[in-house]
Amino acid sequence: MNNVKDSLETWGNWARCHLGTEYSTVNITFQEALPMSNSNRTRIDDKEGMLIDAAVAGLKRFDLLAYKLIIAHYVYRVSQNRLAKEIGKAQSYVANLLRIAEAFIAGQIFSYTETAVSA
């Protein structure tokens with residue numbers, strides 16, 4: 001795991017394969033913004049997926065809005081612009097909140113593995 005964004009992209013693919021277990025409900029606000037599914041994306045193994053999943057779960061306890069944005073952006077592939085419109089904030093606000101969330105997740109992954117992940 002060198003880059004947290006790449007890790008979250010592959011984790012999002014992994015999590016979509018597990019829909020119906022953990023991430024089955026989408027905020028009504030984001031539901032109509034969901035793009036078409038593409039199953040040709042890179043995947044990770046369950047061990048790495050669960051590691052990132054645990055880091056994302058830690059974010060939920062820290063900042064619920066940031067958690068929802070991470071899920072919407074990486075699992076459901078909703079664009080930052082669309083997320084900004086849905087919550088009534090500027091795109092820069094969403095981008096900054098996602099950056100903070102990504103840094104938090106990278107820190108969580110580091111604390112679990114003691115392997116640095118770049119933001």
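As the structure is a prediction and not an experimental result, all values here were calculated from the model.
- Each of I70, I109, L59 was checked for a side chain to side chain contact (heavy atoms under 4.5 Å, CB included) with F104, and the lone residue meeting it is L59.
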Test side chain to side chain contact (heavy atoms under 4.5 Å, CB included) on E9 and R77 and set out the steps.
-> CA-CA 9 Å; E9 289 284 336; R77 304 247 178 244; 2.5 Å; yes
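- When the side-chain hydrogen bond (donor to acceptor under 3.5 Å, both in side chains) test is applied to D63, no partner is found at least two apart in sequence or on another chain.
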Check the pair Y74 / E102 against side-chain hydrogen bond (donor to acceptor under 3.5 Å, both in side chains), numbers first and verdict last.
-> CA-CA 11 Å; Y74 287 104; E102 291 160 357; 2.5 Å; yes
Evaluation steps, side chain to side chain contact (heavy atoms under 4.5 Å, CB included), between T10 and D6 = CA-CA 6 Å; T10 56; D6 291 340; 5.8 Å; no
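- Taking both residues in full, the closest heavy atoms of Q108 and A55 are given as CB-CB, 3.5 Å, listed atom of the first, atom of the second, then distance.
- Residues Q80 and L98 are in side-chain contact: their nearest non-hydrogen atoms beyond the backbone lie under 4.5 Å apart.
- The shortest non-hydrogen separation linking L83 to A72 is CD2-CB, 3.6 Å.
- There is no side-chain donor-acceptor pair under 3.5 Å between W14 and D45.
- Annotation: side chain of L51 is not in contact with side chain of W11 (no heavy-atom distance under 4.5 Å).
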Test log, rule side chain to side chain contact (heavy atoms under 4.5 Å, CB included), inputs V94 and N81 = CA-CA 8 Å; V94 170; N81 286 332; over 6 Å; no
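- For N96 (side chain) and S92 (main-chain N/O), a donor-acceptor pair under 3.5 Å exists by modelled atom type.
- Among all heavy-atom pairs drawn from V56 and Y67, the shortest one is O-CD1, 3.5 Å.
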Any chance you could lay out the side chain to side chain contact (heavy atoms under 4.5 Å, CB included) test for V75 and R16, step after step, and finish with the verdict?
-> CA-CA 6 Å; V75 176; R16 266 192 306 285; 4.0 Å; yes
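- Nearest heavy-atom pair across A101 and A66 is CB-CB, 4.0 Å.
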